[in-house]
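Read the structure below first, then the notes.
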Amino acid sequence: ELARRIDYSAAIVKFLNNLGSQAERRGDYVEAEKYFEEALVVERDRGYDLRVCFVLGNLGALKTRTGNFDEAMSCFEEADQLARKLENYSLLSNTLMNWGALMISLGDLVQAEKYLLEGLEIARKIEILDNAAFIMANLGFVYAKLGDYNQAAAQIRQSLDASYKMEHR
């Protein structure tokens, strides 16, 4: 509330994102959506595309989780365009990871693999181990569903190795 009174938009957005994430972890998706949507409005008003992209990722992931696939797709399309325009490869890797998760939810494993491989390539190039580990785990799931169990096992092993490296940094 203090942040609103002094019009400190960055603090508001951080607060709204945190509230949205907490609500999502509790399973209160309606409340989470409300906070993410409000954060998106503030960031759009500020004209801060980097943060718009970040919030769209949170909102799109929530929409995927709740089965609102068309809305998730809209969030990821805009986030993808912004991340590429900004040449922010961290956000692009996140967006591609989210695209992959959405495609898995839709049962389009070929598209999921495409997005995940592109996101993994970027994550490795800029050394974002947590993204790489998560993407490899999702790729393991995709390959298992496609019947390529050797590739699935290889991806899962690599995911575990990356996770282990993160813990011991």
Side-chain angles (χ1 to χ4, degrees), residues 9-21 24 29 32-143 145-146 151 154-155 158-159 161-163 165-166 169:
S9 299
I12 291 171
V13 173
K14 185 173 184 176
F15 184 65
L16 290 169
N17 269 311
N18 287 339
L19 287 172
S21 294
E24 187 174 5
Y29 300 134
E33 182 177 359
K34 179 183 82 168
Y35 288 125
F36 290 145
E37 291 278 3
E38 191 173 345
L40 187 58
V41 167
V42 172
E43 290 299 23
R44 286 190 198 284
D45 287 349
R46 292 176 67 209
Y48 194 25
D49 286 346
L50 181 76
R51 297 295 302 170
V52 167
C53 188
F54 179 79
V55 176
L56 284 166
N58 286 343
L59 186 57
L62 176 67
K63 300 282 189 181
T64 298
R65 190 167 290 111
T66 59
N68 295 311
F69 301 129
D70 288 340
E71 293 176 34
M73 202 171 292
S74 293
C75 289
F76 298 147
E77 284 172 356
E78 186 178 353
D80 186 276
Q81 291 169 0
L82 287 172
R84 289 178 195 278
K85 179 183 99 176
L86 296 167
E87 297 181 3
N88 187 305
Y89 298 105
S90 176
L91 283 174
L92 182 56
S93 176
N94 271 344
T95 300
L96 292 164
M97 180 172 61
N98 284 330
W99 268 118
L102 173 60
M103 291 298 116
I104 289 169
S105 295
L106 292 172
D108 189 342
L109 300 177
V110 172
Q111 276 299 107
E113 178 188 31
K114 176 184 165 257
Y115 288 124
L116 293 170
L117 286 173
E118 185 181 355
L120 179 59
E121 180 182 339
I122 293 167
R124 284 179 169 157
K125 185 176 181 179
I126 61 175
E127 299 180 0
I128 306 175
L129 281 180
D130 54 339
N131 277 17
F134 188 80
I135 292 170
M136 286 183 282
N138 276 340
L139 278 168
F141 175 81
V142 168
Y143 291 131
K145 293 290 265 183
L146 291 171
Q151 185 67 0
Q155 290 296 326
Q158 289 178 44
S159 176
D161 288 346
S163 296
K165 285 178 187 174
M166 285 186 305
R169 275 186 164 185

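On a predicted model such as this, the values are computed, not experimentally measured, just so you know. Numbering of residues begins at 1 and proceeds along the displayed sequence.
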- [ ] Would you check, one step at a time, whether the test side-chain contact (heavy atoms from CB on, under 4.5 Å) holds for R124 with M136?
- [x] CA-CA 11 Å; R124 284 179 169 157; M136 286 183 282; 3.4 Å; yes
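- Between E121 and K125, the closest side-chain pair of non-hydrogen atoms is not below 4.5 Å.
- Of the inter-residue distances, the one linking M97 atom CE with D130 atom CG reads 7.5 Å to the nearest 0.5 angstrom.
- Proximity of C53 to N88: side-chain heavy atoms (C-beta onward) are nowhere separated by under 4.5 Å.
- The shortest heavy-atom contact between I104 and A112 is CG1-CB, 3.7 Å.
- Within a 6.0 Å radius of CZ in F141, no more than 12 heavy atoms belonging to other residues, nucleotides or ligands are found.
- W99 has its side chain within reach of M73: a pair of non-hydrogen atoms, C-beta onward, lies under 4.5 Å apart.
- We find the CD1-CG distance between I135 and L116 to be 6.5 Å, quoted to the nearest 0.5 Å.
- Using a 4.5 Å heavy-atom threshold, the side chains of F69 and K63 count as separate.
- Crowding of D45 atom CG: a count of heavy atoms from other residues, nucleotides or ligands under 6.0 Å exceeding 12.
- The closest donor-acceptor contact from the side chain of T64 to the backbone of G60 lies under 3.5 Å.
- Each of N131, L117, L96, N94 was checked for a side-chain contact (heavy atoms from CB on, under 4.5 Å) with I122, and the lone residue meeting it is L96.
- Within the 4.5 Å cutoff, no side-chain heavy atoms of E38 are placed close to those of V41.
- The backbone N or O of N18 sits nowhere less than 3.5 Å from a side-chain atom of S21 that would complete a donor-acceptor pair.
- T66 OG1 to E71 CD: the interatomic distance, rounded to the nearest 0.5 Å, is 7.5 Å.
- Side chain of D108 to backbone of Q111: a donor-acceptor contact under 3.5 angstrom is found.
- Distance CG/L102 to OH/Y115: 8.5 Å, rounded to 0.5 Å.
- Two residues are said to be in side-chain contact when any heavy atoms from C-beta on lie closer than 4.5 Å; L120 and Q155 meet this criterion.
- Checked for salt-bridge contact, E37 and K34 miss the test: no charged N lies under 4.0 Å from a carboxylate O.
- The distance from the CG atom of L109 to the NZ atom of K114 is 14.5 Å, given to the nearest 0.5 Å.
- Proximity of N17 to F54: side-chain heavy atoms (C-beta onward) are separated by under 4.5 Å at one or more points.
- Between atom CD of residue E78 and atom CG of residue L40 there is a gap of 7.0 Å, rounded to the nearest 0.5 Å.
- Under the 4.5 Å side-chain criterion, counting only non-hydrogen atoms from C-beta, S159 is not in contact with F134.
- Residues D161 and K165 are not paired through a salt bridge, judged by the lack of any N-O separation under 4.0 Å between the basic side chain and the carboxylate.
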